[in-house]
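When a residue number appears, it is its place in the shown sequence, counting from 1. Values below: all heavy atoms of this structure, side chains included; hydrogens, waters and symmetry mates excluded.
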Amino acid sequence: MSFKFRSACLKCSLVLIFMQFFQLATAQNQPDFSGAEALLEQHKKALGKHPVLLVYKDGKLIYQKITGDLNTKTPVPVFETTKWFTTAAVLKMVEEGKVRLDDPVAKYVPSFKKYMKGYITLRHCLMNTTGIEGGQSKVGKIFQKKKFASLEEEVDAIAAMEIGNNPDAEFYYGDLGTTIAARVLEVATKKAFDRLAQEKITRPLKMRMTRFSADGLKSDPSTGAVSSGTDMINFLSMILNKGMFEGVQILSPESVEMMCSIHNNELPVKYAPFTKEGFEYGCGTWILEKDGNGKAAVVGFPGIPGAFPWVDLKKGYAATILTLDVNGVPDLNIFLQIMGAVSDAIEG
């Protein structure tokens, strides 16, 4: 009996030692996000009262930092990140054969033929190479402020704008191409864009708080979306997992690869905003970092001041910063510093 008792005690001791070792090893393998937290605190004034940071890896959310009144389900304006969602909807319709990237826009919107712009294609719209240089001039700013009752009215007004250059001659970043592409989908599918995007992208991704109108009125497929942290992570995880979300193929791997491939590196950049300085463009996606072979390593779509989402294709994680009630436009370097701190934590 004494031998059996000592044997049982020895086994229990070994189990306890193993459990302690396992817990210690697991704790040591957890990324340390204290550097990112310190930056959030340091730049709290620039990032507003409610900055949120979420990090996803290996099929789950591994870190969240919530400040102020925001939580992971609070919808906030994400501004230019809207274009990433819209591009996904366009590529989904390409996969289903409803449209083709090399279709002339005039096939769906006759006003483009009327104003001698029948050569502009859907691909030009997604690549910001239409040659229409609207949005930055004095006339463009007046155009942006004008209220349109529908996407049809807005896109007909775009068709009437003066052409600045031939398609594929230069990269000129703006909202016009994405807006045109959304209108093409409306005509091709005979559905309102926000309804179509919900059916094909946001609902399958369980993006329950995402919509394409901050005021509940006309949808804005370029800058008007609101989304939550949870919704954003769902979308980013789909990009990270080559179009797959919870076992369902939302986009094909080919569509995701097209999004994340550099397309404008040989074109002169006529205009890109200071919130995108130093980045190259994919298809409705910005290339934030490249690897040693010149291919995309980190992709995203800064919607500063509202959102800064990114996907690290090499380190296998996705993350987003969300802000609210920001006074002005924060320095891009603040977001890049936080991104670097998150990346160091993952790598470490």
Side-chain angles (χ1 to χ4, degrees), residues 47-48 50-56 70 72-92 125-126 128 135 173-179 181-182 193-194 197-198 200-202 205-215 219-240 245 250-251 256 259-260 272-277 279-288 296 298-312 318-326 329-330 332 334-336 338-339 342:
L47 297 176
H50 318 278
V52 168
L53 173 61
L54 304 174
V55 184
Y56 168 97
L70 282 187
T72 58
K73 296 183 179 180
T74 306
V76 300
V78 296
F79 301 106
E80 292 175 88
T81 306
T82 305
K83 294 182 180 69
W84 209 356
F85 304 157
T86 299
T87 300
V90 174
L91 294 180
K92 184 66 176 179
C125 292
L126 295 184
N128 286 286
Y173 176 79
D175 300 338
L176 305 185
T178 311
T179 302
F193 171 73
D194 49 357
Q198 182 184 48
K200 300 299 181 179
I201 300 298
T202 61
L205 286 173
K206 296 182 179 179
M207 298 170 68
R208 297 184 175 93
M209 305 306 296
T210 301
R211 60 184 186 275
F212 286 83
S213 172
D215 56 12
S219 64
D220 179 352
S222 293
T223 60
V226 296
S227 191
S228 69
T230 298
D231 287 8
M232 190 73 75
I233 287 295
N234 287 356
F235 183 85
L236 298 177
S237 71
M238 182 269 292
I239 299 295
L240 178 64
F245 176 73
I250 308 300
L251 286 179
V256 175
M259 273 185 171
C260 302
F274 69 90
T275 56
K276 314 290 188 296
E277 286 180 355
F279 305 148
E280 293 187 75
Y281 205 67
C283 176
T285 312
W286 287 94
I287 313 303
L288 308 185
V298 182
V299 300
F301 211 118
I304 300 170
F308 189 94
W310 75 92
V311 177
D312 193 314
T320 187
I321 304 166
L322 294 176
T323 62
L324 188 65
D325 295 336
V326 176
V329 180
L332 171 65
I334 295 175
F335 295 94
L336 294 179
I338 297 172
M339 183 176 80
V342 171

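- No donor-acceptor distance shorter than 3.5 angstrom exists from the side chain of Lys83 to the backbone of Asp175, with no hydrogens or angles considered.
- Side-chain contact check for Met209 versus Thr230: every heavy-atom pair is 4.5 Å or farther apart.
- Rounded to the nearest 0.5 Å, atoms CG (Leu47) and CG (Leu324) are 12.0 Å apart.
- Ser222 approaches Thr178 most closely through the heavy-atom pair OG-CB, 3.4 Å.
- Across all non-hydrogen atoms, the minimal contact from Ser228 to Leu322 is C-CD1, 3.8 Å.
- Nearest heavy atoms, Leu91 versus Met259: CD1-CG, 3.7 Å.
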Exercise for review: Quick one: do Phe245 and Lys206 satisfy side-chain contact (heavy atoms from CB on, under 4.5 Å)? Show the steps, please.
Suggested key: CA-CA 10 Å; Phe245 176 73; Lys206 296 182 179 179; 4.2 Å; yes

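- Using a 4.5 Å heavy-atom cutoff, the side chains of Tyr56 and Asn234 are not in contact.
- For the atom pair CE (Met232) and CE (Met207), the distance works out to 7.0 Å, reported to the nearest 0.5 Å.
- Val76 is not listed as a side-chain neighbour of Thr323, based on a closest heavy-atom distance of 4.5 Å or more.
- For the atom pair Thr179 OG1 and Asp220 CG, the distance stands at 6.0 Å (nearest 0.5 Å).
- Atom CZ of Phe85 and atom CG of Asp231 lie 7.5 Å apart (nearest 0.5 Å).
- One N or O on the side chain of Thr82 and one on the backbone of Ala225 form a donor-acceptor pair closer than 3.5 Å.
- Considering only heavy atoms from C-beta on, Glu80 stays 4.5 Å or farther from Trp286 through its side chain.
- When each of Val226, Thr202, Asp194 is tested with Arg211 by the rule side-chain contact (heavy atoms from CB on, under 4.5 Å), just one qualifies, namely Val226.
- Note: Phe301 and Trp84 have tilted aromatic rings, judged against thresholds of 30 and 60 degrees for the angle between ring planes.
- Val342 places a side-chain heavy atom less than 4.5 Å from the side chain of Trp310.
- Going from atom CD1 of Ile239 over to atom CG of Leu251 covers 6.5 Å, rounded to the nearest 0.5 Å.
- Looking at Thr86, its side chain does come within 3.5 Å of a backbone N or O of Pro221 through a donor-acceptor pair.
- In this structure, Leu336 and Phe308 have side chains that are in contact, with non-hydrogen atoms separated by less than 4.5 Å.
- For the pair Asn128 and Gly174, the tightest heavy-atom approach, listed with the atom from each and the gap, is OD1-N, 3.2 Å.
- The shortest non-hydrogen separation linking Ile287 to Phe279 is O-CB, 3.5 Å.
- To the nearest 0.5 Å, atoms CG (Leu205) and CD1 (Ile250) are separated by 5.0 Å.
- Pairing each heavy atom of Thr81 with each of Pro302, the nearest pair is OG1-C, 4.0 Å.
- At least one side-chain heavy atom of Ile304 sits under 4.5 Å from a side-chain heavy atom of Leu332.
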